[in-house]
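So you know, we letter chains A, B, ... as the sequences are listed, proteins then strands, and number each from 1.
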Amino acid sequence: MFAGGKVRLFHFLFEMLEDPTMAHCVSWVPAAAGVFRFSSTNKDQVAALWGQRKGNKRPMTYQKMSRALRNYARSGEIFKVKKKLTYQFSRETLMSLHKFQQGDLLRGRDFV
DNA sequence: ATGCAAGGGAAGTTAG
DNA sequence: TCTAACTTCCCTTGCA
């Protein structure tokens, strides 16, 4: 998913959330659309995978990844919810992620 | 108090 | 060269 092109952090997070084997690190919070929460014990595993995906020199950590997440609040992709380790995709972001997931990749189109 | 989690300014990196 | 999208650093604030 999201191959061929620069992967954005929110793409990666969505990908992790759609993967059941990653549930011990991040998972959707049932009862609220687009809300997800990191595991307090495994949050750095997701971060490390993100850092590897990007090919960063230094290992990625939750602290550094969350800094990027806070910038998303300013650009409107993801917002922080008042609960511990939980965030929420904006409706627009969630919509485009789902739309992309529903076949655009298979038709060879880039994520927009 | 004490340990996380959150917030954020600011310089640095990298791809396009 | 310039910008976007982080990345790295590191210090302050908030909360249980």
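Residue A/M60 is classed as a sugar-phosphate contact, given heavy-atom separations below 4.0 Å to backbone atoms only. A/K64 comes within 4.0 angstrom of a nucleotide base, judged by non-hydrogen atoms across all strands.
The list of salt bridge (charged side-chain N to carboxylate O under 4.0 Å, His left out) pairs with a residue in residues 67-77 of chain A, not counting sequence neighbours, reads A/R8-A/E77. Under the salt bridge (charged side-chain N to carboxylate O under 4.0 Å, His left out) criterion, no residue pair touches residues 83-93 of chain A, with sequence neighbours excluded.
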Requested in this report: Do nucleotides 9-16 of chain B as a string where each nucleotide becomes B, S or -: B if the base has a protein heavy atom under 4.0 Å, S if just the sugar-phosphate does, - if no protein is that close.
Outcome: BB---S--
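Shown here are the side-chain contact (heavy atoms from CB on, under 4.5 Å) partners of A/Q52, two or more places apart in sequence or in another chain: A/A48, A/L49. By the side-chain hydrogen bond (donor to acceptor under 3.5 Å, both in side chains) test, A/Q88 is found to be paired with no residue, residues two or more places apart in sequence or in another chain being considered. Take A/N56 and apply the side-chain hydrogen bond (donor to acceptor under 3.5 Å, both in side chains) test, not counting sequence neighbours, and it matches no residue.
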Less than 3.5 Å apart, which donor and acceptor atoms pair up between the side chains of residues 26-40 of chain A and the rest of the protein, not counting sequence neighbours?
unit_1: A/W28; atom_1: NE1; unit_2: A/L17; atom_2: O; d: 3.4
unit_1: A/W28; atom_1: NE1; unit_2: A/E18; atom_2: OE2; d: 3.1
unit_1: A/S39; atom_1: OG; unit_2: A/H24; atom_2: O; d: 3.4
unit_1: A/S39; atom_1: OG; unit_2: A/T41; atom_2: N; d: 3.2
unit_1: A/S39; atom_1: OG; unit_2: A/T41; atom_2: OG1; d: 3.1
unit_1: A/S39; atom_1: OG; unit_2: A/N42; atom_2: N; d: 3.0

Table please: side-chain donor-acceptor pairs of residues 58-65 of chain A below 3.5 Å, with sequence neighbours left out.
unit_1: A/T61; atom_1: OG1; unit_2: A/K64; atom_2: N; d: 3.2
unit_1: A/Y62; atom_1: OH; unit_2: A/Y87; atom_2: OH; d: 2.7
unit_1: A/K64; atom_1: NZ; unit_2: A/P59; atom_2: O; d: 2.8

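Side-chain N or O atoms of A/H11 include none that pairs as donor or acceptor with a backbone N or O of A/V7 at under 3.5 Å. A/S75 places a side-chain N or O within 3.5 Å of a backbone atom of A/N71 that can act as its donor or acceptor partner.
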Query raised in the report: A/F89 and A/L13: side-chain contact (heavy atoms from CB on, under 4.5 Å), yes or no, with the steps?
Result: CA-CA 10 Å; A/F89 285 99; A/L13 256 19; 4.3 Å; yes
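Using a 4.5 Å heavy-atom cutoff, the side chains of A/T93 and A/Y72 are not in contact. Looking only at side-chain heavy atoms (C-beta outward), A/M22 and A/V46 stay at 4.5 Å or farther from each other.
The shortest heavy-atom contact between A/S90 and A/F79 is CB-CE1, 3.7 Å.
Here A/Y62 does not reach the OP1 or OP2 of B/dC4: none of its side-chain N or O atoms lies under 4.0 Å away.
Between the two ends of the helix from B/dT2-C/dA16 to B/dG16-C/dC2, each summarised by a five-pair axis, the helix axis turns through 10° (rounded to 10 degrees).
Looking at which nucleotide of DNA chain C each of A/Q63 and A/L9 is closest to, the 5′-most match is held by A/L9.
Contacts with DNA chain B (heavy atom under 4.0 Å) in residues 36-44 of chain A: A/S40, A/K43, listed by number.
Taking atom OH of residue A/Y72 and atom C1' of nucleotide B/dA6, one finds them 18 Å apart after rounding to whole Å.
Taking the 5' to 3' direction, DNA chain C first and last meets chain A under 4.0 angstrom from a heavy atom at C/dA5 to C/dC11.
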